[in-house]
Amino acid sequence: MTDSFSRHLVDPELSPLLELFPTLALSDETLALARANRMVMPIDPAADAAVACERRAIAGPPGAPNLEVLCYRPVAATGALSGILHIHGGGYVLGEAQSMAALHKPLALELNCAIVSVDYRLAPETRAPGAVEDCYAALAWVHSDPDAVGVDPKSVGVMGESAGGGLAAALALLARDRGEYRLPFQHLIYPMLDDRTCATEPHPFAGEFVWNAASNRYGWTALIGAEAGSENVSPYAAPARAESLAGLPPTFISTGALDLFVDEDIDYARRLMRAGVPTELHVYPGAFHGFDFAAGTDIGGRSRRDSVAALARFLRQPVR
């Protein structure tokens with residue numbers, strides 16, 4: 001691999017991952033190819049057998065098409081379970097719920113919980129607020145028909161990675177402001193929160209690998225239909241734009257020190273804490289975007305364990 005300005009800061013165990021996950025160069029010309037070249041992770045056979053997965057069609061937002069969700073539940077589980085509404089990543093322009101099955105089945109088994117994963121509409125075909133409204137429709141469905149998944153809807157929190165983390169944060173804001181459904185937690189993995197990152201002074205070391213500034217600008221422009229960093233961007237598109245974070249649910253945020261989103265993630269955690277929101281923040285040195293997929297490494301394993309432990313605490317907490 002060619003020399004780079006921050007390669008020396010990468011955790012040595014993570015270096016091989018850079019060969020598997022080359023830095024994206026998203027554009028209108030490369031988007032279709034990037035969507036077609038999705039990675040399929042193998043599913044652990046024991047978890048595959050022990051966790052049922054059902055694809056369901058549900059009503060979309062008013063005036064929009066129906067949505068599909070994937071519903072995971074341990075086969076041996078009984079009664080109403082705590083649950084996670086999961087939102088996949090992909091820079092707002094890539095990804096699908098099915099791509100996370102290899103992670104969701106073991107997670108549902110380990111935590112004895114239900115997981116509902118949303119296939120929201122992607123940009124640029126669907127601009128904001130289409131995606132977050134799709135996620136809100138999935139939240140509404142969980143509350144209106146909890147027996148379909150076997151969950152206690154009051155115990156269902158929201159989780160997402162990257163753009164999915166941004167949508168999870170946006171959904172938490174939307175749920176807070178509409179006042180119809182209470183989220184008991186938000187679990188944000190290197191969330192994509194702030195379009196203004198595209199328009200500020202670049203971080204001297206972060207954002208070189210996997211997801212860089214050029215792809216970030218493309219993703220944000222596709223979502224909001226305007227230049228990233230423009231005036232009047234909705235907080236339901238870019239959650240960091242919210243004037244107040246008071247009243248949001250207890251929060252877990254993790255990110256890598258070399259992730260493009262590190263500054264916006266740390267700042268969001270700081271603002272949550274100053275707003276009185278119980279917040280747990282992890283920043284992993286030498287880690288870039290998507291590093292936690294390297295489960296066989298010490299740092300990847302640690303981040304996974306920290307994440308699962310936080311989810312376990314969230315799911316055990318009494319329903320209020």
Query - same_hphob_cluster(Val156, Leu81) at 4.5 Å side-chain heavy-atom cutoff - result: no

Query raised in the report: Do Met100 and Ile43 share a hydrophobic cluster, counting only Ile, Leu, Val, Met, Phe, Trp and Tyr and linking them when any side-chain heavy atoms are less than 4.5 Å apart?
Result: no

Is there a donor-acceptor contact under 3.5 Å from the side chain of [X] to the main chain of [Y]?
X: Gln317; Y: Phe185; answer: no
X: Arg176; Y: Leu183; answer: no
X: Ser244; Y: Ala242; answer: no
X: Glu208; Y: Ser6; answer: yes
X: Arg271; Y: Leu245; answer: no
X: Ser144; Y: Trp141; answer: yes
X: Glu68; Y: Asp119; answer: no
X: Lys105; Y: Val51; answer: yes

Taking side chain as C-beta onward, heavy atoms only, is [X] less than 4.5 Å from [Y]?
X: Leu122; Y: Arg35; result: yes
X: Val277; Y: Pro249; result: no
X: Leu17; Y: Phe288; result: yes
X: Leu174; Y: Pro129; result: no
X: Ile253; Y: Leu272; result: yes
X: Gln186; Y: Leu248; result: yes
X: Val149; Y: Tyr72; result: no
X: Leu31; Y: Pro124; result: yes

Is it true that [Y] and [X] share a donor-acceptor pair across their side chains at a distance under 3.5 Å?
X: Ser162; Y: His289; result: yes
X: Thr255; Y: Asp265; result: yes
X: His88; Y: Gln98; result: no

Requested in this report: Compare every heavy atom of Ala34 with every heavy atom of Leu26, then report the nearest pair and how far apart it is.
Outcome: CD2-CB, 3.8 Å

Query raised in the report: Taking all non-hydrogen atoms of both residues, which atom of Ala312 and which atom of Leu111 are closest, and how far apart?
Result: CB-CD2, 3.7 Å

Requested in this report: Output, in order, the C-alpha distance, side-chain angles, deciding distance and verdict of salt bridge (Lys or Arg N to Asp or Glu O under 4.0 Å) for Asp298 and Arg302.
Outcome: CA-CA 6 Å; Asp298 177 71; Arg302 267 193 293 127; 3.2 Å; yes

Query raised in the report: Between Arg55 and Glu96, is a salt bridge (Lys or Arg N to Asp or Glu O under 4.0 Å) present by the stated rule, with each step listed?
Result: CA-CA 13 Å; Arg55 183 177 292 273; Glu96 58 184 354; over 6 Å; no

**Report entry** Identified ring-ring contact (aromatic ring centres under 6.0 Å, His included) counterpart of Tyr92 within the set Trp211, Tyr218, Trp220
**Finding:** Trp220

Query - NE2 on His143 to NZ on Lys154, rounded to 0.5 Å - result: 9.5 Å

Requested in this report: Measure up the His8 and Phe205 rings against each other and bin them: parallel (under 30°), tilted (30 to 60°), perpendicular (over 60°).
Outcome: perpendicular

Query - Parallel, tilted or perpendicular: ring planes of Phe314 versus His187, cut at 30 and 60 degrees - result: perpendicular

Query - Arg304 NZ/CZ over Phe293 ring centroid, <6.0 Å and within 45° of normal - result: yes

Query raised in the report: Can you list the residues that meet the ring-ring contact (aromatic ring centres under 6.0 Å, His included) rule with Tyr284, with sequence neighbours excluded?
Result: His282, Phe291

